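The structure appears below as structure tokens.
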2 protein chains.
Amino acid sequence: MANIRDLAKEAGVSVATVSRVLNGYPYVSEEKRKAVWEAVEKLNYTKNIQAVHLAKGKTRIVGVMLPYIHHPYFSAVIEGISKEALRCGYQLLLFQTNYEVKRELEALERLRMKQMDGLIVCSHEADWEVFAVYREDGPIVLCERAVGHDFFTVYIDHYQAFAQALRYLLDKGHRRIGYCIGRTTGPNSQARAAAYRDVLGSVGVIPQPQWIFDGCLFLEDGKRVIERWMDMKERPSALLVTSDQVAAGIVLHAQRVGVHIPEELAVIGFDNDPLAEMLGMTTVALPHFALGEKAFRLLHHWLETGNVPRTQEELPARLIVRMTG
Amino acid sequence: MANIRDLAKEAGVSVATVSRVLNGYPYVSEEKRKAVWEAVEKLNYTKNIQAVHLAKGKTRIVGVMLPYIHHPYFSAVIEGISKEALRCGYQLLLFQTNYEVKRELEALERLRMKQMDGLIVCSHEADWEVFAVYREDGPIVLCERAVGHDFFTVYIDHYQAFAQALRYLLDKGHRRIGYCIGRTTGPNSQARAAAYRDVLGSVGVIPQPQWIFDGCLFLEDGKRVIERWMDMKERPSALLVTSDQVAAGIVLHAQRVGVHIPEELAVIGFDNDPLAEMLGMTTVALPHFALGEKAFRLLHHWLETGNVPRTQEELPARLIVRMTG
DNA sequence: TTGTAGGCGTTATCAA
DNA sequence: TTGATAACGCCTACAA
């Protein structure tokens, strides 16, 4: 495969001139410019991007760290990132971690190795301290709140989102309120747990541990929740469900087994997935797509200007009352 | 940032020795090995992966071309690809195209530029001739059938899948059978259209153009379908819906507006999404995840052995009868 | 077991 | 306007 030196020889110019032509720099005579393009044509030349990356020390590639892709939340976030990246001429390198710390470290190491210009962390498992170590190796933007660390982040205010829904339920008279969550670790989950404690505590309700349903990620988990709920002696009268997928699973399975929603069990989902509208589900709308977009923009600005963005932007959530809660 | 030469100086050895140590080659004395690692530690060295890529002419990166990510079909395929890639130590570079030919060409150009070792095409818009031009620039594996081109592919046999469902409906006595599809171009869509013509033709049914509902990609499109269906004078009695998401939208909206399923309208979805099971939907299970896995494996084998895989593997689909059709 | 030196393909500086 | 040449950082014959 022809390289820039072959071109130079063919066109009868220097490699420097070839490079200038290829990159559209001024100060090249029309004549030589033409000769170079002809050589490009003749030798069927294409630039080797690796060499460019090495020489420039930049790649216009951004890494995206996330546990898995086949999930409505993460695929919405990526879509937002991807849309902006496309617009700005950046490429996306995927780092699927399955929430394994080892994988997260691999991604961070790749940042050190300068495989990409920056990294967007959608969700993580390792301690923030681990991430802090890599801060000097390249720009990192988070999609989660990092309390006590001055990372640059765009995040959804899950405390406020949860609190909002809880107060709504309290106002409707509910006292036995439980919730379903994907996993208990992670900043988002902890923000919710804090809101749960605080808001229920403010009205003197003592939540029961068994009112918290862990491992709720996918539609089919909703079935499990209903089954467990039916087996309980003191059932919650309302559930906050941190994913509309799971909430939909709950609502649909409840319907099937004859549990009346919201009379016997009020259900409030999160996300405002199309499914929520379709099922008439009360839900808290979360701006996932915008989260991805903004995270990329933040990183992009950082990369292009070199100015560290001292940003920690909070994206608001909005309760949408429909029929299930 | 320290480089391999700094290490050599620090450790009092040559760069070749450093490289050997770093890459775990034999024939290095324990003493020097130790000295190198100490230098690594001391200088806080990390290898620059770009330089490695350039020197080796390989990247262990695979490109994935797909129209969008936030879609159950594509995110399942990627998940399959990603899982295998992770296992084999490969990374994924995303090329979101929005079905724009221009974007597809950009991805192919990147293959030429040797940004990645190979490319998996999940779905495309450009003519196969365009892809054929780039075949010599790197291994390309397709997730769609390419009739008349000897690309290497793994694909779901959509003709068989569609035909299977159609015959089932015919057996049940349906004659006015329509279908909903994402877009009409693309090999998968054309395979379905062919099955539709052939199977209906075989029993002398002349399908009406308005029985084909285009642009059905997401849950919310199902609502539109029902609305249009209700406005029709000669309504289909059954619909094949090429996405369970859309089928779910149809079933749920039908329920809402009082259309009885399957009595007034039989619905058969595709994918076997968890939603289908939850809603008791009859559906044709499609192995999306396996498709991604196998596509990666095919490419991987090609990359590692250098042997062109003359594979064109057809993945079967399976009708799952539940309650909607 | 070790080192030297050339190569990978571009970009960028500096002098002309 | 142009060209030589030194980076960029690593790998790898080949020679010792």
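Treat the numbers as computed from the prediction; the structure is a model and nothing was measured. Just so we're on the same page: letters track the sequence lines, and every chain starts at 1.
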- N/O (side chain, A:Lys47) to phosphate O (OP1/OP2, C:dT11) under 4.0 Å: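 So the side-chain polar atoms of A:Lys47 do come within 4.0 Å of the phosphate oxygens OP1 or OP2 of C:dT11, strictly under.
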If you only use heavy atoms from C-beta on, which nucleotide in [options] is closest to the side chain of [X]?
X: A:Leu54; options: D:dC8, C:dC8, C:dT4; answer: D:dC8
X: A:Asn3; options: D:dG3, D:dG9, C:dT10; answer: C:dT10
X: A:Ser14; options: D:dC11, D:dA4, C:dG3; answer: D:dA4

Interatomic distance, [X] [atom1] vs [N] [atom2] [rounded to whole Å]:
X: B:Arg5; N: D:dC8; atom1: CZ; atom2: C1'; value: 9 Å
X: B:Ile4; N: D:dT12; atom1: CD1; atom2: P; value: 11 Å
X: B:Gln115; N: C:dG9; atom1: CD; atom2: P; value: 16 Å

- Using the six-membered ring wherever Trp is involved, compare the ring planes of B:Phe218 and B:Tyr68 and label them parallel, tilted or perpendicular (cut-offs 30° and 60°).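 Taking B:Tyr68 first and then B:Phe218, their aromatic rings sit tilted (interplane angle of 30° to 60°).
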- Message: Under the rule for side-chain hydrogen bond (donor to acceptor under 3.5 Å, both in side chains), what residues qualify as partners of B:Lys42, not counting sequence neighbours?
- Response: B:Glu10
- Task: For B:Asn48 and B:Gln50, indicate whether the former's side chain and the latter's backbone hold a donor-acceptor pair under 3.5 Å.
- Result: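 Indeed, once roles are kept as given, a pair shorter than 3.5 Å links the two residues.
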- Item | Whether B:Ser19 side chain and B:Val15 backbone form a donor-acceptor pair below 3.5 Å | no
- Centroid separation B:Phe74 to B:His288 less than 6.0 Å: no
- Task: Please lay out, stage by stage, how A:Glu104 and A:Tyr99 fare under the test side chain to side chain donor-acceptor pair (under 3.5 Å).
- Result: CA-CA 8 Å; A:Glu104 297 181 358; A:Tyr99 281 130; over 6 Å; no
- Are the charged groups of A:Lys34 and A:Glu38 less than 4.0 angstrom apart, N to O?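 Salt bridge between A:Lys34 and A:Glu38, a charged N being under 4.0 Å from a carboxylate O: yes.
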- Check: A:Leu22 and A:Tyr45 side chains under 4.5 Å, non-hydrogen atoms: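 Yes - at least one pair of side-chain heavy atoms lies under 4.5 Å apart.
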- Query: Under a 4.0 Å heavy-atom cut-off, which of residues 28-42 of chain A touch DNA chain C?
  - Reply: none
- Query: In residues 17-27 of chain B, which ones come under 4.0 Å of DNA chain C, going by heavy atoms?
  - Reply: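 Heavy-atom contacts with DNA chain C come from B:Thr17, B:Arg20, B:Tyr27.
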- How would you label the contact of A:Val13 with the nucleic acid (heavy atoms, under 4.0 Å): base, sugar-phosphate, or nothing?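 If one applies the 4.0 Å heavy-atom cut-off, A:Val13 turns out to touch the sugar-phosphate alone, with no base involved.
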